[in-house]
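Notes follow once the structure below has been shown.
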Amino acid sequence: MPDRNVVSWTTLISAYANKGMNDRALEFLILMLREGVCPNMYTYSSVLRACADLGVLRQLHSGIIKVGMECDDFVRSALIDNYSKWGELQDALDVFNEMVTKDLGVWNSIIGGFAQNSNGDEALEMYKCMKRAGFAPDQATLTSVLRASTALALLEVGRQVHVHVLKFDRDLILNNALLDMYCKCGSLEGANSVFSRMVERDVISWSTMIAGLAQNGCSLEAMRLFEQMKHSGMEPNYITMVGVLFACSHAGLVEDGLHYLQSMKRSFGIDPGREHYGCMVDLLGRAGKLDEAVKLINKMECEPDAVTWRTLLSACRVHRNSDLAIYAAKQVVKLDPDDAGTYILLSNIYANNQRWEEVTEIRRSMRVRGITKEPGCSWIEVNKKIHAFILGDDSHPQVDEIKRYLNQIVQRLMSIGYVPDTNFVLQDLEDEQREASLQYHSEKLAIAYGIMSLPREKTIMIRKNLRICGDCHTFTKLLAKMEQRIIVIRDPVRYHHFRDGACSCGDFW
DNA sequence: CGTGAGCTAC
């Protein structure tokens, strides 16, 4: 038998890891340990890449510590990366903090870990520390930082990052992230300019731009870009088609949507999945074809999930169909038992129909499960600082001034026909959110602050934790017209792009 | 001889 040293074992393990044959890679690690060959840092960083089980990861980690291999940058970076993949950020951070010196790869791993786990604040904080420690960001760093700015809707931070991106202006992944940042921060000018300057575009670039146009209320442009994409010879993928159907639904193109859904398998070899059906339910729902939407859900090859039913529920709300709303809401609750908004909406519908027993039952099951609705919170970026407004919380230093200003706005709007909307039956607002405090919903405060503080040409970009209520939606439409401002509110589900008295969602959300 | 980190979705 030939002599097998650590290198030959490692070569083998690394090859399996590269091919995604994770079980094989682990088997060979065990075999080599059994033969008494001690793994080195190359072995561990390869096998960590192949580890797809959190328990095994922890075992490997302790093994690594036993042999003193945890001081290697590659090994630590692989550990951080793998813990992040499982969402175990505390473990990732512990590994990171134990190190005295860190190389760029390790910084990239921890920044990427936070960015990918929607922990944008931490990612940006780490990025600052990294620069303070004297490291220059590379493509991977900047991509993660862009992702963090995107998640937080921080256009100004994203613009600053753009300056660094210029050094790597041929990096496709980085440009794609930049494109997405501009789209999600409501700057189609920025996105168009990046897209037109890219020397190379892949399917992700096109898909990002198509979805971005549609999200910002430019569905017809999105459809035109899709035609251009096909014309250029680029093959659409699963995600491209989600964007295309999303555009169809926002533009009310019922026929086109049905056509693409039916033909995408034949034309592009893509089987329609949950996301495509979701767009179609949205499309049919907007058009008021609720029965057809239900039929489509029943016809899906894949199981509908909570998002699918929530989409139908939205349609029921817009078209004021209480019976179907109750049915859809029950499905949502079944699949997502912690969704406070749906319980509240259901209870409001029952209350409106004097079905008090059901109201009591729902309130009881919320208590039992410990479900409470978190207060509405809105964020806005002004002078590179994030200002948070929480319903019923007056801690913003200028809160009195902002409220005075908001009251003036409301007065002016009422003089041109704004009537506060107090129909809450098919909304998920709690009792105390309905009355006097309606006037001070967090997005209204954030918008008022934005108008006070930002120059007229700047888009007012708000991020919200809950969906916008009907009254705030009407208020913002009228305000955008009266003040001639562009206002973007990004709620957890969709974008509302207000301009000239209209919203990109078409009053459907 | 054999190692890490970044992009699009209802």
Side-chain angles (χ1 to χ4, degrees), chain A residues 5-18 39-50 69 72-82 84-85 92 102-113 115-116 123 130 137-148 150 165 168 171-181 183-184 201-212 214-215 236-246 249-250 272-283 285 297 300 302 304-312 314 493-494:
Chain A
N5 62 11
V6 59
V7 176
S8 35
W9 281 107
T10 304
T11 310
L12 205 56
I13 290 172
S14 171
Y16 281 129
N18 283 341
N40 64 16
M41 61 253 220
Y42 294 101
T43 328
Y44 278 118
S45 49
S46 295
V47 87
L48 280 171
R49 198 152 34 100
M69 215 60 81
D72 179 69
D73 279 336
F74 280 81
V75 172
R76 300 197 114 150
S77 152
L79 279 169
I80 292 169
D81 190 41
N82 215 331
S84 307
K85 262 188 215 127
K102 305 144 164 102
D103 77 350
L104 185 61
V106 175
W107 281 104
N108 284 350
S109 290
I110 195 74
I111 294 171
Q116 279 157 38
M130 184 193 107
D138 71 356
Q139 291 96 316
T141 328
L142 295 173
T143 309
S144 295
V145 175
L146 279 172
R147 182 178 172 133
T150 307
V165 172
F168 309 103
D171 190 296
L172 183 57
I173 295 179
L174 188 46
N175 273 307
N176 284 344
L178 190 61
L179 203 54
D180 192 44
M181 184 281 293
C183 288
K184 296 233 164 72
R201 302 181 190 120
D202 65 359
V203 64
I204 296 181
S205 329
W206 288 95
S207 308
T208 302
M209 197 65 207
I210 290 169
Q215 274 164 344
N237 68 10
Y238 187 99
I239 298 176
T240 319
M241 294 315 295
V242 176
V244 170
L245 291 176
F246 186 76
S249 93
H250 279 62
R274 219 175 256 145
E275 292 89 347
H276 304 110
Y277 282 104
C279 292
M280 292 308 298
V281 170
D282 188 86
L283 171 53
I297 292 179
M300 287 167 60
C302 39
D305 64 358
V307 180
T308 317
W309 290 111
R310 221 176 270 126
T311 308
L312 182 68
S314 294
V493 184
R494 64 174 86 237

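Only heavy atoms go into these numbers, but all of them, side chains included; no hydrogens, no water, no symmetry mates. All chains are named by letter (A, B, ...) in the order of the sequence lines, taking the proteins before the strands, and each is independently numbered beginning at 1.
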A:Asn175 CG to B:dT8 P, in whole Å, measures 14 Å
Verify whether one side chain among A:Thr43 and A:Asn40 offers a donor that lies under 3.5 Å from an acceptor in the other. yes
Check your understanding: Which part of the nucleic acid, if any, lies within contact of A:Val75, taking any heavy atom under 4.0 Å across all strands shown: a base, the sugar-phosphate backbone alone, or nothing?
Key -> nothing
With the side chain defined as heavy atoms from C-beta on, A:Ala140 is closest, among B:dG6, B:dC10, B:dT8, to B:dG6
Base, sugar-phosphate, or nothing for A:Lys184, non-hydrogen atoms under 4.0 angstrom? sugar-phosphate
Between NE2 of A:His250 and C1' of B:dA9 the distance, given in whole Å, is 13 Å
Would you say A:Arg147 places a side-chain N or O within less than 4.0 Å of OP1 or OP2 belonging to B:dG6?
no
Rounded to whole Å, CG of A:Leu146 lies from C1' of B:dT8 at a distance of 14 Å
Heavy-atom donor-acceptor pair, A:Ser14 side chain to A:Thr10 backbone, under 3.5 Å
no
Check your understanding: Quick one: is B:dG4 close enough that its OP1 or OP2 comes under 4.0 Å of any side-chain N or O from A:Arg49?
Key -> yes
Would you classify A:Asp81 as touching base, sugar-phosphate or nothing, given that sugar-phosphate means primed atoms plus P, OP1 and OP2, and contacts are heavy atoms under 4.0 Å?
sugar-phosphate
Here the distance between atom C1' of B:dA9 and atom CH2 of A:Trp206, to the nearest Å, is 19 Å
(Q) Taking atom types as they are modelled, would you say the side chain of A:Ser45 forms a donor-acceptor pair with the base of B:dT3 within the 3.5 Å cutoff? (A) yes
From CG of A:Asn237 across to P of B:dC10 the rounded distance in Å is 13 Å
Per atom distances to the A:Asn18 side chain, the nearest of B:dC7, B:dA5, B:dT3 is B:dT3
Look at all strands and tell whether A:Tyr238 reaches a base, only sugar-phosphate, or nothing, counting heavy atoms closer than 4.0 Å.
base
Looking only at B:dG6, B:dG4, B:dC10, the nucleotide nearest the A:Ile173 side chain is B:dG6
The ring pair (Phe, Tyr, Trp, His ring centres under 6.0 Å) partners of A:Phe74 (sequence neighbours excluded) come to none
Whole-Å distance, A:Met241 CE to B:dT8 C1', equals 14 Å
Please indicate yes or no: is the ring centre of A:Phe74 less than 5.5 Å from the centre of the six-membered base ring of B:dT3, with the two planes inclined by under 30 degrees? yes
Regarding A:Ser109, tell me which of base, sugar-phosphate or nothing describes its non-hydrogen contacts under 4.0 Å with the strands shown. sugar-phosphate
Regarding the side chain of A:Asn108, the nearest nucleotide among B:dC10, B:dC7, B:dA5 is B:dA5
Whole-Å distance, A:Ile210 CD1 to B:dA9 C1', equals 12 Å
The nucleotide from B:dC10, B:dG4, B:dC7 with an atom nearest the side chain of A:Thr308 is B:dC10
| message | So A:Asn40, base contact, sugar-phosphate only, or nothing? Heavy-atom distance under 4.0 Å. | response | base
Base B:dG6 paired with A:Asp138 side chain (donor-acceptor, <3.5 Å)
no
Donor-acceptor pair (no angle test) under 3.5 Å: A:Asp171 side chain, B:dG6 base: yes
Which of A:Thr208, A:Thr143, A:Asp202 passes side-chain hydrogen bond (donor to acceptor under 3.5 Å, both in side chains) with A:Asn176? Answer is A:Asp202
Is any side-chain N or O of A:Ser14 under 3.5 Å from a base N or O of B:dG2, one able to act as donor and the other as acceptor? no
Checklist entry - Do the side-chain N or O atoms of A:Gln139 get closer than 4.0 angstrom to the phosphate oxygens (OP1, OP2) of B:dA5? => result no
Applying ring pair (Phe, Tyr, Trp, His ring centres under 6.0 Å) to A:Trp9 and not counting sequence neighbours gives none
With the side chain defined as heavy atoms from C-beta on, A:Phe246 is closest, among B:dC10, B:dT3, B:dG6, to B:dC10
Rounded to whole Å, CG of A:Leu48 lies from P of B:dG4 at a distance of 11 Å
*Using distance alone, with no hydrogens and no angle criterion, decide if A:Ser249 and A:Asp282 have a side-chain donor and acceptor under 3.5 Å apart.*
yes
TODO: Give a yes-or-no answer on whether the side chains of A:Asn18 and A:Arg49 include a donor-acceptor pair shorter than 3.5 Å.
DONE: yes
(Q) Applying a 4.0 Å non-hydrogen cut-off, can you work out what A:Gly105 is touching in the nucleic acid: base, sugar-phosphate, or nothing? (A) base
